[in-house]
Amino acid sequence: MEKTILFPKVGKFVHGGDYNPDQWLDRPDILKEDIRLMKEAGVNCVTLGVFAWSTLEPRKDEFHFEWMKEIMDNLYANGIYTILATPSGAKPAWIDEEYPEALRVDHKGLRRLHGVRHNHCMSSPKYRERVRIMDRKLAENFGHHPGLIMYHISNELGGMCFCPLCAARFRQYLSDKFDHDIDKLNHAWWATFWSHTYQSFDQIEPPFANGETSMMGLNLEWKRFTTWNMNDFMMDEIRTLKEVTPDIPVTTNFMDFFYLLDYRKMAPGLDAISWDSYPEFHNDRESFSDTMYHNAFNHALMRSMKPDRPFMLMESAPGLPNWHEYNKMKRPGVHKLACLQAVANGSDTVQYFQWRQSRGSYEQFHGAVVGHKGTDETRIFKEVAEVGRILEKISPVAGTLVKARAALIVDWDNRWAIDDVMALSRRTKHYDKTCVEIWKAFEELGVEMDIVASDSDLSHYDVAVAPMLYLLEPETAQNLKGFVARGGQLLATYFTGCVDDNQLCYLGGFPGDGLQELFGVESEEIDTLYPSDRNGLVFEDGRVWEVRDYAEVLNVKGADVLATFESDYYQGKPALTCHPYGEGKAYYIAARVNAEQMKPLFEQMAREADIPCRRKPETVEYHLRAGEEGSYAFYLNHSTEEEIVEDVHGRDMLTDEKIDGNLILSAYGTAVIKLQNVRLQPL
């Protein structure tokens, strides 16, 4: 497995973050001190210009790039590279004054006033024109600077616009999708219900809060359109930059399992995937380990979008964010733990928002490497500097990849459809939570798991789990059948295969679209349980798994019954089944069961696929990165207690200690083990 170095100029891990010298141009002493402190902290890259539009172009067509050139020159002279951002995420007041169409309209039909950020209409020709002018000038002025290694498109793209421009664009999008045939759209949306039939595409409006919100097809297509339109806006920026500097890679910073945009639709246009990680550490609603695993889930989601190269941790808080409901400080040792978690999951960067704390405005108390004190004497600065030294020690790991043989199937379309459907319970659908808990259970077993789409190529995987696959995208059934037929182990759950990609119910029973043949079962009914309801899933050996929230009544059509329901009118009916199909097996669980209880099933599936489980304490997170020079095992202790991992053999790159047996991890301790005689097969 060859290495894939994201930034050949750097040749190792990137360590740095957002730098906003435009806020300090009147303080040359601070700008000079920043360089000294960056070198002390092991920073080798900064992101410039994220919100600098009003400094770059304070008035229309009046450009000031000299300050940025001086900053980039000085950074490069001191061994610090630049990721240059386009400033489209926050526009100056003169744009809104001259081009009011550039302001967004909200879901109530009200046009917003100037302010905050991401207040731009993605469809506005005038705004796009001003963005293209700015981007072209940035590329012309800095695209060939020796310190430039990447463009950063805008910042945390998100939000919706309901303005007349976006509504017209939405209608055109729908007309194109449905072959300019309004009858096709009416059929797909089942518009005869409640007499909602359209006579023309001109009659269609976005789902305003005081308008049409009852059509599942309309709601879903509006979300798809928002992704399409945002991606089109992003690609407009990328094309402008690439016309001038085709060889400079581009990224934009995603935001975990973000609800409003389907990031998989945007990933192909990017040269690397990056994201901003802000977990709520030390909260009082879950264990610290749960928080860590949830964050790791998001890392895996990003990694899986481009599994042939490392991803980027673009932003994280060196201390604390300022916008959580409760902004609690990271405890000593957690910063190092969180940074190494990103690297363990496949990131080749550790970057922060922000380098120096803003003196005023909205994020003045957001954490930074350099606080208002302005020195290197703080705990946060020292912990960041320690991470810089660690990244240098483990630099051979840069460019290596995480190879998973198990996959969790998660779709944005399915997520949106489940949230919108008038079924089940409004309080306990919990699609996101269900996905995270299953992923976490596999990781606790030491089984690496990617997070992929239902139409993804599954040929690299041997185990797959598809939770609540309510909406089946085109060709999904054939994809899953092919996976199992060649020997894969597949698990699906209740609420699978109910609707097509337009949210029309399949006829002939659930799961539809041929999945009854794959799983050997038919779902006749689904029961929603109140929190006070109790049921169980009973095995022949007497084991009982607690059932909560949902239970399906199944009819067996060839599957083997592994467990049945304990009580209620469906007592004794199949609850867990297994159906041999081709060379593999298709499991179906007809009830919501805590993923912790399901671990024996997950282990069985892994064993059938010849995937080893890694025995370790559950609070120790484990990942393996591999490349042409060797394999590297990461162990991360989520506990405040010492933990021991058995059967570890290799050299700890953090301590240079040889480990041949037990690995002892201190509280929040970490280890990076270069393994002996371990290689992975190429992807």
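Model, not experiment: these values are computed from the prediction.
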Does any donor atom in the side chain of N327 or N322 lie under 3.5 Å from an acceptor atom in the other side chain? no
Tell me every residue that passes salt bridge (charged side-chain N to carboxylate O under 4.0 Å, His left out) with R379, counting only those two or more places apart in sequence or in another chain. E383
Taking all atoms of both residues into account, what is the closest heavy-atom pair of L25 and P28, and its distance? O-CD, 4.3 Å
With a 4.0 Å cut-off on N to O distance, would you call E221 and K177 a salt bridge? yes
Under a 3.5 Å cutoff, is there a donor and acceptor pairing between the side chains of D256 and W275? no
Would you kindly say whether D96 and H114 are connected by a side-chain donor-acceptor distance under 3.5 Å? yes
Checking S124 against E101: is there a side-chain donor and acceptor pair closer than 3.5 Å? yes
Side chains of D135 and Y151: any donor to acceptor distance under 3.5 Å? no
Set of residues satisfying ring pair (Phe, Tyr, Trp, His ring centres under 6.0 Å) with respect to H324, sequence neighbours excluded: none
For residues 212-232, which residue pairs pass the ring pair (Phe, Tyr, Trp, His ring centres under 6.0 Å) check, not counting sequence neighbours? F162-W222, F170-W222, F170-F225, Y173-F225, Y173-W228, W222-F225, F225-W228
So, do I182 and Q199 sit near enough that their side-chain heavy atoms are less than 4.5 Å apart? no
Do we get K137 above F63's six-membered ring, with its NZ or CZ under 6.0 Å from the centre and within 45° of the axis? yes
With the side chain counted from C-beta on, respond yes when F178 and N502 share a heavy-atom pair under 4.5 Å apart, and no when they do not. yes
Consider only side-chain N and O atoms of K69 and N141, and report whether a donor and an acceptor are under 3.5 Å apart. no
K91 side chain reached by Y127 side chain, heavy atoms, under 4.5 Å: yes
Salt bridge (charged side-chain N to carboxylate O under 4.0 Å, His left out) involving E315 - partner list, sequence neighbours excluded: none
Taking every non-hydrogen atom, the tightest pair across A139 and L241: CB-CD2, 4.1 Å
Those residues at least two apart in sequence (or on a different chain) that pass side-chain contact (heavy atoms from CB on, under 4.5 Å) with E33 are R36, L37, R356
For the pair K32 and D29, find out whether any cationic side-chain nitrogen is under 4.0 Å from an anionic carboxylate oxygen. no
Any side-chain donor near an acceptor of the partner, S277 and S316, under 3.5 Å: no
Please list, chain by chain and in numerical order, all residues satisfying side-chain contact (heavy atoms from CB on, under 4.5 Å) with E66, sequence neighbours excluded. H64
Partners meeting salt bridge (charged side-chain N to carboxylate O under 4.0 Å, His left out) with R59 (sequence neighbours left out): E62
Under 4.0 Å between a side-chain nitrogen and a carboxylate oxygen: does that hold for R309 and D348? no
So, do N20 and W355 sit near enough that their side-chain heavy atoms are less than 4.5 Å apart? no
Excluding sequence neighbours, so at least two apart, what forms side chain to side chain donor-acceptor pair (under 3.5 Å) with D413? R224
H335-K330 side chain donor-acceptor pair, cut-off 3.5 Å: yes
Salt bridge (charged side-chain N to carboxylate O under 4.0 Å, His left out) partners of R136, counting only residues at least two apart: E243
For E237 and T86, which I'm curious about, is there any donor-acceptor pair between the side chains at under 3.5 Å? yes
Going by side-chain contact (heavy atoms from CB on, under 4.5 Å), name the residues that satisfy it together with F365, two or more places apart in sequence or in a different chain. H372
Do W53 and E57 get their side chains close enough for a donor-acceptor pair, meaning under 3.5 Å? yes
Any residue meeting side-chain contact (heavy atoms from CB on, under 4.5 Å) with E70, in chain and number order, not counting sequence neighbours: none
Donor-acceptor side-chain pairing of Y263 and T227 below 3.5 angstrom: no
Min side-chain heavy-atom separation V46-L75 under 4.5 Å: yes
Decide whether H15 and Y352 meet the rule of one side-chain donor and one side-chain acceptor closer than 3.5 Å. yes
Shortest non-hydrogen contact from P100 to R111? O-NH1, 3.4 Å
Quick one: list whatever passes ring pair (Phe, Tyr, Trp, His ring centres under 6.0 Å) with H152, sequence neighbours left out. none
